[in-house]
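First up is the structure itself, then whatever we jot down about it.
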Amino acid sequence: MARMAQTDFIRMIIEEDLAADRHGGRVATRFPPEPNGYLHIGHAKSICLNFGIAGQYGGTCNLRFDDTNPSTEETEYVESIKDDVRWLGFEWNGQVRYASDYFEQLYEWAEKLIEKGVAYVDSLTAEEISEHRGRWNESGRESPYRDRPVEENLDLFRRMRAGEFEDGTHVLRAKIDMTSPNINLRDPVMYRIRHESHHRTGDDWCIYATYDWAHGQSDAIEGITHSICTLEFENHRPLYDWYVQALELEDPPHQFEFARLDISHTVLSKRRLLMLVNEGHVSGWDDPRMPTIVGLRRRGYTPEAIRNFCERIGVAKTNSIVDIKLLEFCQREDLEKRAPRVMGVLKPLKVVIENYPEDQVEEFEFPNHPDNPEMGTRMVPFSREIYIERDDFREEPPKKFYRLAPDREVRLRFAYMITCTDVIKDPDTGEVVELRCTYDPATKGGTAPDGRKVRGTLHWVSAAHALKAEVRLNDHLFTRENPNDVEEGKDFIDYLNPSSLEVLEDCRVEPSLADAEPGLPYQFERKGYFVVDSADSKPGKPVFNRTVSLRDSWAKIEQAQLQG
RNA sequence: UGGGGUGUCGACUAAUGGUAAGUCCCCGGACUUUGGAUCCGGCAAUCCAGGUUCGAAUCCUGGCACCCCAGCCA
């Protein structure tokens, strides 16, 4: 099903550039993560944009790690980020790139700017530099070191590189304009001294380029034509252009900004995600409730669904919060087509079919997908004692409840029609512990020869044949649509959804699931889409994560009834 | 407070001076051996005030609201 290709302002710019034959007709993008955390669905938007554009216009997309800060970056993240990009279905152009590959070139260019007289070594402290920078409504002041002669700057800068100075004693700054209303142009820092090991260059360097100095130049080195980033870098564009012009680079790259993704009922900032992990509110970065790629993957989300979601949300410059229900819709849409159907009873209620022979076992043939015969069939055993879903029985059925109730007949999917004849309760608690039913042998397969209809069809498992399983029902992590929008004196943590995870340890699933493999999606009929958990599942005792529930119109009716 | 951005159905996104469109949500209905899926229908928006124009979401003027920026983070 081909959907109309989504177009957006960035693609329009690219098409204009192509039409005007800019960059010699080339389109080159890049995805530039910093290796200091796990990727989340917000990054997926950027990945889909950058790789998608490259694919669409016959261009290339590089994967480049923006590893200019040795204090926070680690190889562990590099590997997980590569995995996530591939898992999403993208392959980068050639080798993985690193900003650190360009440290030497960047250094040479820095010397060039010093020689040109537009960069200088400043020896103010960090605090003093901050003071000199001024404020939004007040001009900055020039550093007393701003007019050091070129030779002195060169000498100092070389000694910075040689490791002669302590951290924080000197920085290299671009000499631009301390009175600029754009604070990024008030002599931005290009290099800072950091005597720290870098995850790739080890101890080769003790001066490290800042983002602004490294990023655009890395783009230029790689021949990037369209450097796409998020809105908060809009203020940096004049600086991006300044560096590239000062170096007099040919066919310079240009920066374009779009609004980052935000989704309701979750958080997408590294800081907040890290807090959830560190404070133990989730089990880790790959907790199935996390919006991280590893979390979504473990939850059972598919790359197809995520890519489709990213296409549907579009690309614009308006800050917005996408309803998480759109993500869920995209996932259902994908799984609806491909997930084989099985039966799993989450909250079992025993049913004894009194007129069914004690030792008899029948096998019924079930289609694996109701609308796709190519997915084949499987055999499902049936016997005198079965489990049905506790929610599928009501002693006093409300209006429009079409499921089982005393003296009522329902269909067991692809098996028989049964009628409830007796309800057995715990004498102490009054809780329903078992149902007694009779079946109509003439309704084998689920249809009655006399043509009578039943409104309800229930899923079931044979008690003797069923597999015990644990099922984890995942729900939104936060109760608030926007957990970042906090009331006075509160914190986003206060809006964690206490029932974001419901663990059901005594579920029963049909025996065909005995060799279900982690990562393969299933639809538990009438319940939702589930996947075998990749971390905690064990051969005899599978653990399933609910990826997303099915649409539940009864739940809506019931809720409406409760609200009157 | 200076600068840079952004305002279109409940949500997201189109319309680039010419019928305000699509998707999600929500609400009906049909169909149904999943209260699923599918199909059909419905709801519902141009931040405000002026101006230009035969005609304005779009252009102009003036407001208002929200976001970003004062790291040697990215």
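Every chain is numbered from 1, with letters handed out A, B, ... down the list of sequences.
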Whether each nucleotide of nucleotides 17-23 of chain B has a protein heavy atom under 4.0 Å at its base (B), only at its sugar-phosphate (S) or at neither (-) is summarised, 5' to 3', as ------S
The nucleotide from B/G36, B/C26, B/A74 with an atom nearest the side chain of A/Thr210 is B/A74
Contacts of A/Arg551 meeting side-chain hydrogen bond (donor to acceptor under 3.5 Å, both in side chains) (sequence neighbours excluded), chain-then-number -> none
Sorted by number, residues from residues 161-180 of chain A placing a heavy atom under 4.0 Å from RNA chain B are A/Gly168, A/Val171
When you compare the protein's N or O atoms with those of nucleotides 38-47 of chain B, which come within less than 3.5 Å of each other, and at what distance?
none

The correct set of residues in residues 187-199 of chain A placing a heavy atom under 4.0 Å from RNA chain B is A/Val189, A/Arg192, A/Arg194
Considering only NZ, NE, NH1 and NH2 on the basic side and carboxylate oxygens on the acidic side, decide whether A/Asp391 and A/Arg526 come within less than 4.0 Å.
no
- prompt: Looking across every strand, which nucleic acid part, if any, lies under 4.0 Å from A/Phe233 by heavy atom: base, sugar-phosphate, or nothing?
  reply: base
_Say we look at B/C12 and B/U46: how far apart would their P atoms be, to the nearest angstrom?_
15 Å
Exercise for review: Rounded to whole angstrom, note down the P distance from B/G18 over to B/G29.
Suggested key: 41 Å
- Any chance you could lay out the side chain to side chain contact (heavy atoms under 4.5 Å, CB included) test for A/Phe329 and A/Arg312, step after step, and finish with the verdict? CA-CA 11 Å; A/Phe329 168 83; A/Arg312 279 178 194 248; 3.5 Å; yes
Checklist entry - Is a donor-acceptor pair below 3.5 Å formed from side chain A/Gln523 to base B/U34, judging by atom type as modelled? => result yes
Residues passing the ring pair (Phe, Tyr, Trp, His ring centres under 6.0 Å) test with A/Tyr439, sequence neighbours excluded, are A/Tyr356, A/Tyr416
message: If the threshold is 4.0 Å, N to carboxylate O, is there a salt bridge linking A/Glu73 and A/Arg200?
response: no
- prompt: Which is true for A/His215 with a 4.0 Å heavy-atom rule: it touches a base, it touches only sugar-phosphate, or it touches nothing?
  reply: nothing
Residues in residues 255-263 of chain A with a heavy atom under 4.0 Å of RNA chain B, by number, are none
- With a 3.5 Å cut-off and just heavy-atom distances, do the side chain of A/His132 and the base of B/A70 make a donor-acceptor pair? no
Across every strand shown, the nucleotide meeting Watson-Crick or G-U wobble geometry with B/A65 (both distances under 3.5 Å) is B/U6
Applying side-chain contact (heavy atoms from CB on, under 4.5 Å) to A/Cys420 and not counting sequence neighbours gives A/Phe393, A/Leu404, A/Val423, A/Leu435, A/Cys437
Could you write out each protein N or O paired with an N or O of nucleotides 3-10 of chain B at a distance under 3.5 Å?
residue	atom	partner	partner atom	Å
B/G3	N2	A/Asn235	OD1	3.2
B/G3	N2	A/Asn235	ND2	3.0
B/G4	O2'	A/Asn235	OD1	3.4
B/G5	O2'	A/Glu234	OE1	3.2

Sugar-phosphate, base or nothing in reach of A/Pro32, heavy atoms under 4.0 Å | nothing
Next on the checklist: Students often get this wrong, so: under 4.0 angstrom with heavy atoms, is A/Arg403 touching a base, only sugar-phosphate, or nothing?
Outcome noted: base
Practice prompt. Determine the Euclidean distance between corresponding C1' atoms of B/G63 and B/C25; express it in Å to zero decimal places.
Written response: 34 Å
How would you label the contact of A/Lys400 with the nucleic acid (heavy atoms, under 4.0 Å): base, sugar-phosphate, or nothing?
base
Residues passing the ring pair (Phe, Tyr, Trp, His ring centres under 6.0 Å) test with A/Trp554, sequence neighbours excluded, are A/Phe401
key: Between B/A56 and B/G51 - P atom distance, rounded Å   = 12 Å
Distance-only, no hydrogens or angles: does the A/His199 side chain make a donor-acceptor pair with backbone N or O of A/Thr72 under 3.5 Å? no
(request) Have a look at A/Thr447 and say if it touches a base, only the backbone sugar-phosphate, or nothing, with a 4.0 Å heavy-atom cut-off. (result) base
Side-chain contact check for A/Ile557: nearest option of B/U16, B/G35, B/A74 is B/G35
Sequence neighbours excluded, the answer for side-chain contact (heavy atoms from CB on, under 4.5 Å) partners of A/His236 is A/Asn184, A/Asp212, A/Phe233
request  = Determine: side-chain N/O of A/Lys556 to OP1/OP2 of B/C26, distance under 4.0 Å, yes or no.
outcome  = yes
Query raised in the report: Reckon A/Arg133 touches a base, only the sugar-phosphate, or nothing at all at heavy-atom distances under 4.0 Å?
Result: sugar-phosphate
**Spacing of the C1' atoms in B/C24 and B/A45 (rounded, Å)** = 15 Å
Requested in this report: Indicate the ring-plane relationship of A/Phe382 and A/Trp460, choosing parallel, tilted or perpendicular according to the 30° and 60° boundaries.
Outcome: perpendicular
Should the pair A/Tyr107 and A/Trp205 be assigned to parallel (<30°), tilted (30 to 60°) or perpendicular (>60°) ring geometry?
tilted
Winner on side-chain proximity to A/Leu550, out of B/U13, B/C24, B/G36, is B/G36
Cation-pi, A/Tyr387 ring and A/Arg508 (6.0 angstrom, 45 degrees): yes
A/Arg133 bridged to A/Glu138 by N-O distance under 4.0 Å | no
Provide the distance between the two C1' atoms, one in B/C43 and one in B/G4, to the nearest whole Å.
38 Å
Q.
What contact category does A/Ile129 fall into here, base, sugar-phosphate, or nothing, at under 4.0 angstrom with non-hydrogen atoms?
A. base
Sequence neighbours excluded, the answer for salt bridge (charged side-chain N to carboxylate O under 4.0 Å, His left out) partners of A/Glu131 is none
* To do: Output yes when A/Asp450 and A/Arg452 qualify as a salt bridge under the 4.0 Å nitrogen-oxygen rule, no when they do not.
  => yes
Roughly how far apart, to the nearest Å, are B/C27 and B/A44 at atom P?
16 Å
- Query: Step by step, would you call A/Arg64 with A/Asp101 a salt bridge (charged side-chain N to carboxylate O under 4.0 Å, His left out)?
  - Reply: CA-CA 10 Å; A/Arg64 179 173 76 232; A/Asp101 291 340; over 6 Å; no
Of the listed B/A74, B/U1, B/G35, the closest approach to the A/Asn137 side chain comes from B/U1
